Each structure stands twice: as C-alpha cells, then as structure tokens.
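Below is one structure, written out as structure tokens; comments come after it.
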Amino acid sequence: MNHLEGQKKSRFQVEREEMIELLRTRGIKDERLLAAMQKVERHHFVDLPFKNRSYDDSALPIGSQQTISQPYTVAIMTEALAVRPGDKILEIGTGSGYQAAVLVEMGARVFSIERHVSLLNEARKRLEQLKYDIVSKAGDGTLGWKDFSPFDGIIVTAAAPDVPEPLSEQLQEGGRFVIPIGDLNVQDLYVITKIHQKLSSRKITGFKFVPLIGKKGWQ
Ligand code: SAM
C-alpha cells in the first residue's frame with residue numbers, strides 16, 4: 001500500500017464512523033446492523049466520479065439509470081427485516097451489491113435478483129473480490145425465486161405498485177417482507193409479516209425509490 005492509499009483509507013474509515021453516528025441520531029438502534037454497516041466499505045460499491053461522496057447519506061448513480069440506496073434507507077429497511085444469523089434472505093434489486101454485503105455481514109444467506117445484467121455482473125465481481133458470498137441471478141425479481149423458497153425475509157429495493165403475489169407466497173411462515181409501495185413519485189415502506197398464512201403490515205412513510213419493473217411490478 002502506498003502513502004496516498006493509506007491516507008485515503010483512513011479518511012474513508014473516519015467518514016464511515018460519522019455515517020454510523022448519523023444513522024444513530026436518525027433513530028437506528030440495531031447494534032448488529034450498525035456494526036455490519038461499519039464493516040462494509042461503501043466506497044467499493046460507488047462509481048469513481050462519486051467516491052468522495054461514498055459516506056454521504058444519499059443515493060448515488062451506479063449506471064443503467066439506477067442508484068445505490070441512501071445509507072439511511074438501507075439501515076431502516078434492514079432493521080425492519082430483523083435479520084437473524086442463518087436466515088435465508090431474498091433481495092430483489094442487487095444494484096451495486098451493497099445491501100447484499102450488509103446482509104451477509106449480519107450472517108444471512110443471501111439470494112439476490114437483478115434485472116440489469118451489466119449491473120449484476122459488476123456487483124458479482126465486486127462481491128467476489130470483497131469475499132462476500134451470495135447466490136444471484138439476472139431476471140425479473142417480481143416473480144421471486146421458487147427454487148430456493150421459502151425465505152425467512154424478503155427485501156425489495158425498488159418501488160412497487162403493490163405486493164407482488166409470488167413474493168408473498170415465497171415468504172416463510174413467521175417471515176418478514178420489506179417493500180416500498182406507492183406511485184412512481186413517492187412511496188411508503190411496508191413491513192409485512194406472515195402469521196398463520198395471513199399477511200399483516202405496518203407502514204413507514206415517505207420514501208423515494210427507483211421503480212420495480214416487471215410482470216408483477218411496473219410494466
Ligand atoms: N440494493 C441495491 C444496492 O445495494 O445497491 C440498490 C438497488 S436500486 C435502488 C434498485 C434496483 O432494483 C436497480 O438496480 C434495478 O435495476 C432493480 N430492479 C428493478 N426492477 C427489478 C426487477 N423486477 N427485478 C430485479 N431487479 C429489479
């Protein structure tokens with residue numbers, strides 16, 4: 001490692017610690033989640049022109065008109081997912097791979113689907129280099145991944161018009177399902193649980209996601 005790299009790493013480390021403090025002040029309480037987000041180096045998931053903003057609490061472009069989600073959004077969704085070590089989690093919208101890495105750091109077995117092949121290839125390369133082991137495929141995530149179902153948790157990282165039925169069917173009894181639902185401009189985050197085969201939900205208001213495009217999403 002050269003001298004400049006050393007400086008850069010310590011700067012990112014400091015900024016990451018500041019990001020975690022900000023998440024705490026915004027109400028994130030799950031210490032296992034905060035420790036996972038402290039570990040995952042977000043700057044590896046951010047495109048070169050935006051590296052300086054890697055630890056800003058904002059979404060950033062990753063190509064194909066998509067974004068890596070804002071850290072607060074990742075935190076609130078992951079906290080709501082209540083991940084336990086060994087849980088089998090389905091993620092719809094691999095994007096940069098950052099959310100998947102946070103889930104792996106929390107001990108989850110991650111299955112992730114992305115509709116943009118180029119984004120998936122980039123994310124796979126990055127995750128492999130960083131030694132995050134996930135199972136992934138390119139395709140329409142609104143149909144879920146039956147071969148590996150049922151899942152203890154499902155997280156959809158793009159905005160849906162409604163709950164895609166195949167996903168709720170692939171949720172384990174007692175499982176949690178986190179999904180933004182609304183129109184194309186603004187969405188609420190729904191935290192859905194399946195108890196005795198029935199879905200019950202609570203709502204966290206006011207989010208803005210890229211659209212979930214697919215057979216059971218936006219056409
Ligand atoms: N989780 C990502 C991360 O950590 O970088 C952020 C993902 S971005 C906000 C949402 C992603 O969902 C985009 O990459 C988009 O291409 C993807 N997406 C949209 N509709 C999809 C679908 N039906 N199936 C799979 N991926 C989809």
Side-chain angles (χ1 to χ4, degrees), residues 19 33 36-37 39-47 50-51 53-81 83 89-106 108 110-127 130 132 134-146 148 151 153-168 170 177-182 184-187 189 207-219:
M19 178 188 85
L33 164 63
M37 290 185 73
K39 263 190 149 173
V40 180
E41 299 185 328
R42 192 172 187 256
H43 58 274
H44 295 305
F45 297 84
V46 167
D47 286 356
F50 306 102
K51 288 277 182 212
R53 299 176 53 198
S54 295
Y55 296 98
D56 287 4
D57 193 20
S58 56
L60 296 168
I62 54 171
S64 306
Q65 295 180 302
Q66 304 303 321
T67 55
I68 174 172
S69 301
Q70 178 186 355
Y72 176 66
T73 304
V74 172
I76 204 156
M77 291 183 84
T78 313
E79 192 168 61
L81 200 60
V83 182
I89 304 290
L90 176 66
E91 178 195 28
I92 310 303
T94 319
S96 68
Y98 177 75
Q99 171 74 71
V102 171
L103 291 168
V104 172
E105 284 289 359
M106 295 189 75
V110 180
F111 299 81
S112 188
I113 308 176
E114 170 56 55
R115 65 184 284 273
H116 284 285
V117 177
S118 57
L119 289 181
L120 184 67
N121 287 341
E122 284 297 306
R124 277 181 173 161
K125 239 189 284 166
R126 196 175 280 138
L127 290 166
L130 296 169
Y132 288 114
I134 73 159
V135 182
S136 62
K137 72 168 179 179
D140 180 2
T142 65
L143 305 175
W145 203 343
K146 209 158 183 226
F148 292 107
F151 298 95
I154 299 178
I155 179 168
V156 179
T157 68
D162 210 339
V163 178
E165 222 177 271
L167 295 183
S168 51
Q170 292 174 28
F177 182 178
V178 184
I179 179 169
I181 297 176
L184 289 169
N185 296 314
V186 65
Q187 303 91 34
L189 206 57
F207 287 84
K208 168 84 183 133
F209 285 81
V210 296
L212 181 74
I213 313 267
K215 273 201 176 138
K216 307 281 176 181
W218 299 100
Q219 296 298 316

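Whatever order the structure lists ligands and atoms in, that order sets their numbers, starting from 1. Quick caveat: nothing in here was measured; it's all calculated off a predicted structure.
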Examine ligand 1 and decide if any of its atoms is less than 4.0 Å from a heavy atom belonging to [X].
| X | result |
| --- | --- |
| A59 | no |
| S69 | yes |
| S112 | no |
| T94 | yes |

List ligand 1 atoms under 4.0 Å from [X], heavy atoms only on the residue side.
| X | value |
| --- | --- |
| E91 | 1 (N) |
| I68 | 5 (O) |
| T67 | 6 (C), 7 (C), 8 (S), 9 (C) |
| Q99 | 1 (N), 4 (O) |
| V210 | 8 (S), 9 (C), 10 (C) |
| L212 | 19 (C), 20 (N), 21 (C), 22 (C), 23 (N) |
| G141 | 22 (C), 23 (N), 24 (N), 25 (C) |
| S96 | 3 (C), 4 (O), 5 (O) |

Please work out which of the three classes, parallel, tilted or perpendicular, describes the rings of F45 and Y98, given edges at 30° and 60°. perpendicular

Take the angle between the ring planes of W145 and F148 and call it parallel below 30°, perpendicular above 60°, tilted in between.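 Judged by the thresholds at 30° and 60°, the geometry between W145 and F148 is perpendicular.
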
For [atom], what is the closest protein heavy atom, and at what distance to 0.1 Å?
| atom | value |
| --- | --- |
| atom 19 (C) of ligand 1 | P211 O, 3.5 Å |
| atom 20 (N) of ligand 1 | I213 N, 3.0 Å |
| atom 7 (C) of ligand 1 | T157 OG1, 3.4 Å |

Could you check which of [options] puts a non-hydrogen atom nearest to [atom]?
| atom | options | answer |
| --- | --- | --- |
| atom 1 (N) of ligand 1 | G63, S64, G93 | G93 |
| atom 16 (O) of ligand 1 | R115, E114, K216 | E114 |
| atom 15 (C) of ligand 1 | H116, Q66, R42, Q65 | Q66 |

Donor-acceptor contact below 3.5 Å, side chain [X] vs main chain [Y]:
| X | Y | answer |
| --- | --- | --- |
| K51 | H43 | yes |
| R53 | L60 | no |
| T142 | P164 | no |

Applying side-chain contact (heavy atoms from CB on, under 4.5 Å), run through Y132 and V110 and close with a yes or a no. CA-CA 10 Å; Y132 288 114; V110 180; over 6 Å; no

Nearest-0.5 Å distance that lies between atom [atom1] in [X] and atom [atom2] in [Y]:
| X | Y | atom1 | atom2 | value |
| --- | --- | --- | --- | --- |
| I68 | D47 | CD1 | CG | 9.0 Å |
| L189 | I155 | CG | CD1 | 8.5 Å |
| Y72 | M19 | OH | CE | 14.0 Å |

Is the closest side-chain heavy-atom distance between V102 and L33 below 4.5 Å?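 Yes, at least one pair of side-chain atoms sits under 4.5 Å.
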
Quick check on side-chain hydrogen bond (donor to acceptor under 3.5 Å, both in side chains): which of T78, T73, T94 does Q99 satisfy it with?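 When T78, T73, T94 are each tested with Q99, the side-chain hydrogen bond (donor to acceptor under 3.5 Å, both in side chains) holds only for T78.
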
